[in-house]
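Presented below is the structure to which this report refers.
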Amino acid sequence: SVMTKDALKTLVKNLKTTDLVIFQGHHNDKIRLNFDVILPTINWTEKSSIYINCLGIVQKTYQAISPQKNTRLDWKITRMLSIFFNNDIK
């Protein structure tokens with residue numbers, strides 16, 4: 001979704017007052033400067049997946065390119081963190 005300028009300003013303001021901000025995703029824009037930890041994930045062109053768009057329509061994607069070397073699948077990051085914090089989710 002697209003954020004309005006006012007919504008983006010509010011988000012940045014709130015991020016600056018938060019003790020720790022962890023971002024898990026693939027967007028590489030200026031707002032990343034407000035994150036304390038960035039966990040880079042692969043984007044939709046780098047994985048096969050199923051999404052539900054903002055209209056509620058199911059969409060399936062197929063991997064078009066190889067992922068960058070410093071990225072991981074979203075679920076693998078979540079799984080590794082759960083193991084690290086002794087809260088093993090399966």
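In what follows, every heavy atom counts, from backbone to side chain, and hydrogens, waters and symmetry copies are set aside.
Other residues, nucleotides and ligands contribute over 12 non-hydrogen atoms within 6.0 Å of the CG atom of L20. The neighbour count for F84 CZ, taken as heavy atoms of other residues, nucleotides or ligands under 6.0 Å away, does not exceed 12.
In the hydrophobic clustering of this structure, I65 does not group with Y62; members are Ile, Leu, Val, Met, Phe, Trp, Tyr whose side-chain heavy atoms approach within less than 4.5 Å, directly or through other members.
A heavy-atom distance below 4.5 Å is found between the side chains of V21 and L15. Side-chain contact between T41 and I77: present, with at least one pair of heavy atoms (C-beta onward) separated by less than 4.5 Å. Under the 4.5 Å side-chain criterion, counting only non-hydrogen atoms from C-beta, T10 is not in contact with K13. A 4.5 Å side-chain heavy-atom check between T78 and L81 finds every atom pair outside the cut-off. A 4.5 Å side-chain heavy-atom check between I22 and F35 finds every atom pair outside the cut-off. Two residues are said to be in side-chain contact when any heavy atoms from C-beta on lie closer than 4.5 Å; I42 and L73 meet this criterion. Between D36 and D19 the shortest side-chain heavy-atom distance does not fall below 4.5 Å.
If you take CZ on R72 and CE on M80, they are separated by 5.0 Å, rounding to the nearest 0.5 Å. Atom CG in D6 sits 12.5 Å away from atom CG in L11 (nearest 0.5 Å).
Remark: the backbone N or O of S48 is not paired with any side-chain donor or acceptor of T61 at under 3.5 angstrom.
P67 approaches Q63 most closely through the heavy-atom pair CD-NE2, 3.6 Å.
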**OP:** In sequence, state the C-alpha distance, the side-chain angles, and the governing distance for Q24 and D74, and then conclude on side chain to side chain contact (heavy atoms under 4.5 Å, CB included).
**Re:** CA-CA 8 Å; Q24 180 175 327; D74 300 281; 3.7 Å; yes
Subject >> side chain to side chain contact (heavy atoms under 4.5 Å, CB included) assessment of V58 paired with I50 >> reply: CA-CA 7 Å; V58 176; I50 297 174; 3.5 Å; yes
